[in-house]
Amino acid sequence: MKLSVAVLLFSILQYASGQPDSRGFISIDCGIPENSSYQDLTSSIIYVSDHGFISSGENRNISSDYISPSLAQRYYNVRFFLDGTRNCYTLRSLVAGNKYFVRAAFYYANYDGLNKLPVFDLYMGATYWHEVKFRDAGAINWMDIIVVAPADYLQVCLVNKGMGTPFISGLDLRPLKSTLYPEANASQSRVLTNANRFNMGPTDKSVVRYPLDPHDRIWLTYGAIPTWNEASATSVVRNYLTDPYDVPSAVMQNAATPSNSSIINFSWDPSDHSVNISSRYFFVFYFAELQSVASNELRQFDIIVNNSTWNKKPYTPPYLFADSFSGMVQGQAQYDISLVATKNATLPPILNAMEIYLVKLIDEIATDPGDARAMIAIQEAFGVCKNWMGDPCAPKAFAWEGLDCTDPPTGIPRITALNLSSSGLAGPITTSFGDLKALQYLDLSHNNLSGSIPNYLGQLPFLVFLDLSSNDLSGSIPYSLLQKSHNGTLSLRLGNNSNLFGNGTYYGSGPKKMDGALLSAIIIPIVAAIALFVIFIVLLLRTLKEKARRRVADPKDETTLLENREFSYRELKHITNNFNLEIGKGGFGAVFLGYLENGKPVAVKLRSESSSQGGKEFLAEVNGNELKELDVPRFHLSSPHEI
Ligand SMILES: *[C@@H]1O[C@H](CO)[C@@H](O)[C@H](O)[C@H]1NC(C)=O
Ligand SMILES: *[C@@H]1O[C@H](CO)[C@@H](O)[C@H](O)[C@H]1NC(C)=O
Ligand SMILES: *[C@@H]1O[C@H](CO)[C@@H](O)[C@H](O)[C@H]1NC(C)=O
């Protein structure tokens, strides 16, 4: 009991803290104490502890040798993961189908005192994002990704590949309008990762991020090149309404221009051993004219990437508006970029900013979002440990223990089997099991599950095996399960649950399947019918009372007395606690559990007007042939052992 309270409390806290702020930002400093937060000095964004976003790992401070006055606070400490192959952060309360920009930051700084640079993998959900590797212990490494969320949450996972302990320093999520970065899109299964994002021109080294960039991209100053000059403007550089990249004025307001020539020439090398000939890069070059050009002057140039000219006609940047040229390039070890002034130009080319992304295809299909959400809810409800991290089914190598999933070639992975036997589960069976709609096998045996067996387990359309044995379950067994068990479509194991009753001995011929809507569609008419019956009965009973009294009943047999007693609708309502617990369905209608004044449990059968069987048969079942002449529907009380 204590455990389940703790687990519940934990999941509430997790929910409360694992959410975006009013701007939709999630800003996490991994490794600071639980529930702590602070305001970042440069961005004035509030960073919060990662507690509530992840349930594994430990915190540690970096070595003081690597702390400098300019170091952002989120690099002072890390969360590291000694256990488990895959450890994941869950970013919640997102909108499925919306676009997000996510950044993970890593600063090793000899936090573990081993002075050994780890190498590990980073995943966005089931999609391989990139390898995390360090040049030296004092290098800050960060990776960003632009992704369309397939569900209302995203998971960032660190995977241990036997080359050192994964760790993380910070994690940021920023929402993006879906019109931004159209190259990242779900229908083409494309994400943009590992941006090289450069602010060209400024000679100082200051980084541009939020609030100067409302999307909080980090713009680094491109290393000063001796033959380049800085051009700058104090006026705001605006974005067109349809601008797909929304580069902030702070970045566009300065530009690089050659000091003594008509060409800007540079090359870019991915320096990424994980890329190969098939890796694709997405380049965007940003241009804006920063000076008002006299009528006798002309800035005009061509944009050439690896000998291919991207502009169709000679290009002149617009005055104080952000403009861009973008394209995908592939199969090069080094990319050569040239901006070459045309013959007519009197002014040299300029370049204001540049972004280069690695293009990734989503090759692993994530688990059906409904199934995944149900599994996360089950994990939270019971605090299941095991390797339950990240996407339940994908990638297959990291699939959750105890699960069987359909294979990706057959479409979106669905969970077909769940084995949580002997997993220390305590408390009631959560509704989330009923959300695993593709489930065929469910083994919850040998736990401490209590409460009743929920009806919705019987509504799982493909369930063929259900083992709830050796638990502490009580109450009645849902009719739907018993029926499936009797007709051989379900292998049902319920043994060793001391408080279960009605086990396997009911042979009613109720409706084949009952979902919630159908149930209410039937119950409402039943209640209406009952009301009519009651009026009818009250009238009839008056006239028949005499007759009934005259009939000889053995006064010593209390049971007979009870069974021959007539009950008003109000009494039945009281007996059954407002028809609270339905314990079965018969050909006449629903059967409810009730208790007589003497505590004797009884089953109350209600005759439905829509029943397939008629009033005569109902009476026959109720009273044997005894009251056959009484052609009146009645309520019947019997011991629940009868059903
Ligand atoms: C500019 O370029 C010309 C021709 O390439 C060269 O002769 C001259 O020395 C350069 N001036 C400066 C200041 O670099
Ligand atoms: C579930 O796992 C337990 C222990 O690993 C095993 O004994 C049992 O047979 C499994 N149940 C099913 C249905 O495979
Ligand atoms: C009903 O209970 C008996 C004894 O407790 C048990 O042997 C039997 O397997 C149970 N029936 C089902 C369907 O589990």
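In each ligand, atom 1 is the first atom listed, and ligand 1 is the first ligand listed. Just so it is clear, the model here is predicted, and its values are computed rather than measured.
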Protein heavy atoms near atom 11 (N) of ligand 2, is at least one of them under 4.0 angstrom away?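 It does: a protein heavy atom is found less than 4.0 Å away from atom 11 (N) of ligand 2.
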Test item: protein heavy atom less than 4.0 Å from atom 5 (O) of ligand 2: no
With heavy-atom distances below 4.0 Å as the criterion, list the atoms of ligand 2 near F465.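 This gives 13 (C) as the contact atoms.
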Can we call the ring centroids of F167 and F120 under 6.0 Å apart? yes
Step through it carefully: locate the ring centre of Y111, locate the ring centre of F80, and say whether they are under 6.0 Å apart.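 They qualify: ring centres under 6.0 Å apart.
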Between Y75 and Y107, how do the two ring planes meet: parallel, tilted or perpendicular, split at 30° and 60°?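 Perpendicular: the ring planes of Y75 and Y107 meet at over 60°.
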Minimum side-chain heavy-atom gap I378-L418 below 4.5 Å: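 Heavy-atom side-chain distance check passes, below 4.5 Å.
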Among protein heavy atoms, which lies nearest atom 14 (O) of ligand 2, and at what distance?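 That would be N419 ND2, 3.8 Å.
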